[in-house]
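Note that the structure is predicted; figures quoted are calculated from it, not measured. Lettering of chains follows the sequences in order, A, B, ..., and the numbering in each one begins at 1.
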2 protein chains.
Amino acid sequence: MSKTIPFEEFQSLCRRAGFIATHQRYLIFQTIVSLGDNPTPEEVFERVRRSLPGISLATVYKNIDTFVDHRIIRDISPNYGSRRIESASTPHDHFVCRVCRRVFDLEKHTELARPANTDLPHGASFEYHLVEFVGLCRSCSHASRFRDKAARPMAHN
Amino acid sequence: MSKTIPFEEFQSLCRRAGFIATHQRYLIFQTIVSLGDNPTPEEVFERVRRSLPGISLATVYKNIDTFVDHRIIRDISPNYGSRRIESASTPHDHFVCRVCRRVFDLEKHTELARPANTDLPHGASFEYHLVEFVGLCRSCSHASRFRDKAARPMAHN
DNA sequence: CTAGATGCAAACAGTTTGCGTCACT
DNA sequence: AGTGACGCAAACTGTTTGCATCTAG
């Protein structure tokens with residue numbers, strides 16, 4: 001599970017993406033990969049701290065942003081900024097802009113079968129599902145800062 | 001689009017669900033239904049304020065919670081509390097607990113076709129999609145506060 | 001040597017809570 | 001009349017920013 005990436009490999013990933021391979025950055029990356037299960041920035045911070053007590057939470061945040069912008073990792077809470085609600089009328093998919101976090105209703109609706117209990121975490125009860133397409137909205141893809149940042153991910157086995 | 005629900009109908013919904021039909025609550029509900037497009041609590045607040053300047057933001061929040069708990073409206077940002085990231089390895093669906101907001105990785109992975117440009121908002125660029133099953137996790141469904149609150153939704157046309 | 005990264009602390013945004021007062025039922 | 005809702009303000013949580021210092025390339 002806990003895959004270790006040699007520093008040299010990380011270095012070349014960074015070079016390709018255009019940023020510096022620092023010790024902190026390397027540890028943060030390693031930690032995210034090895035934690036695996038959807039960590040929060042806090043959790044990554046706490047973990048990295050064990051081996052590098054001087055690390056700053058702000059550094060973890062900044063690096064997460066960098067990795068996400070370069071699509072080295074994914075934000076699975078693209079709408080974390082604020083709650084969003086909808087009246088439970090006609091179901092439909094959403095498009096969420098990963099930068100400005102605006103949510104757009106789509107015409108499209110992906111039908112999904114109600115999941116079997118065995119597909120859910122033990123003891124969980126299902127209520128509804130969401131299908132979210134994530135990317136950049138028109139205005140954010142015009143703002144060059146976020147465009148075409150994707151570095152080819154390295155082959156970490 | 002902007003569907004108006006008679007107060008009496010709202011009253012009976014409230015009675016069914018076991019809470020009091022106040023003027024504020026009625027306006028908040030109406031506003032959510034008529035706004036339609038995924039408003040934030042702020043947006044609901046600003047809108048309700050136009051007709052009821054004395055309304056408090058806290059009241060809007062409290063009522064949104066009430067409505068969500070009773071499944072009268074849906075939270076489409078079940079993971080809003082904190083960012084969550086994952087290393088872009090094997091894709092898989094998630095289960096998110098609507099109460100404690102924990103995220104569970106599922107074995108299951110729903111394959112979705114890359115959406116056609118015409119399905120996306122104009123000018124948007126697609127990067128990845130998320131499939132999230134929402135409900136209560138084991139421990140939260142044991143905590144009775146959130147269980148079996150669903151009021152049969154009223155027929156608002 | 002220098003652009004970019006780090007660490008700190010302060011600022012922010014969005015949300016929640018406690019409590020005194022008010023109003024549906 | 002009593003329980004639950006409201007409004008206010010203060011507290012919180014998670015995130016972001018500015019800036020002085022450091023470091024990889």
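The interatomic distance linking B:H23 (NE2) with C:dA23 (P) rounds to 12 Å, in whole Å. Summarising the geometry, the separation between OH on B:Y26 and P on C:dT25 is reported as 13 Å, rounded to the nearest angstrom. Taking atom CG of residue B:L27 and atom P of nucleotide C:dA23, one finds them 15 Å apart after rounding to whole Å. Computed from coordinates, the B:E46 CD to C:dG14 P distance equals 11 Å when rounded to whole Å. A straight line from CD of B:E8 to C1' of C:dT25 spans 15 Å, rounded to a whole angstrom. Note: CZ (B:R49) to C1' (D:dC6) measures 16 Å, nearest angstrom. One atom, CZ of A:F45, and another, C1' of D:dT13, lie 15 Å apart when rounded to the nearest Å. Computed from coordinates, the B:N79 CG to C:dG14 C1' distance equals 15 Å when rounded to whole Å.
Using modelled atom types and a 3.5 Å distance limit, the side chains of B:R25 and B:T66 yield no donor-acceptor pair. Looking only at atom types and distance, the side chain of A:H129 has no donor-acceptor partner in the side chain of A:E111 under 3.5 Å away. There is a side-chain donor-acceptor pair under 3.5 Å between A:S139 and A:R102. Side chains of A:N79 and A:R101: no donor on one and acceptor on the other come within 3.5 Å.
In this structure, B:F7 and B:T40 both approach DNA chain C, and ranking their closest nucleotides by distance from the 5' end singles out B:T40. Toward the 5' end of DNA chain C, the nearer of the two residues A:L52 and B:C14, judged by each one's closest nucleotide, is A:L52.
Applying side-chain contact (heavy atoms from CB on, under 4.5 Å) to B:R84 and the options A:P39, A:P41, A:S77 leaves one that passes, A:S77.
Taking the six-membered ring wherever Trp is involved, the centroid distance between the rings of A:H23 and A:F7 does not fall below 6.0 Å.
We find the CD1-CZ distance between A:I28 and A:F45 to be 10.0 Å, quoted to the nearest 0.5 Å. In this structure, CD on B:Q11 lies 10.5 Å from OG1 on B:T22, to the nearest 0.5 angstrom.
Considering only side-chain N and O atoms, B:Q11 lies under 4.0 angstrom from the phosphate OP1 or OP2 of C:dT25.
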Under 3.5 Å, which N/O atoms of the protein pair with N/O atoms of nucleotides 16-20 of chain C?
from   : atom 1 : to    : atom 2 : distance (Å)
C:dT16 : OP1    : B:Y80 : OH     : 2.8
C:dG18 : O6     : B:K62 : NZ     : 3.2

Taking only nitrogen or oxygen atoms into account, show me every contact under 3.5 Å that the protein makes with nucleotides 2-5 of chain D, one pair per line with its distance.
from  : atom 1 : to    : atom 2 : distance (Å)
D:dA5 : OP1    : B:R25 : NH1    : 3.2
D:dA5 : OP1    : B:R25 : NH2    : 3.4

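Aromatic ring orientation, A:F10 versus A:Y26: tilted (interplanar angle from 30° to 60°).
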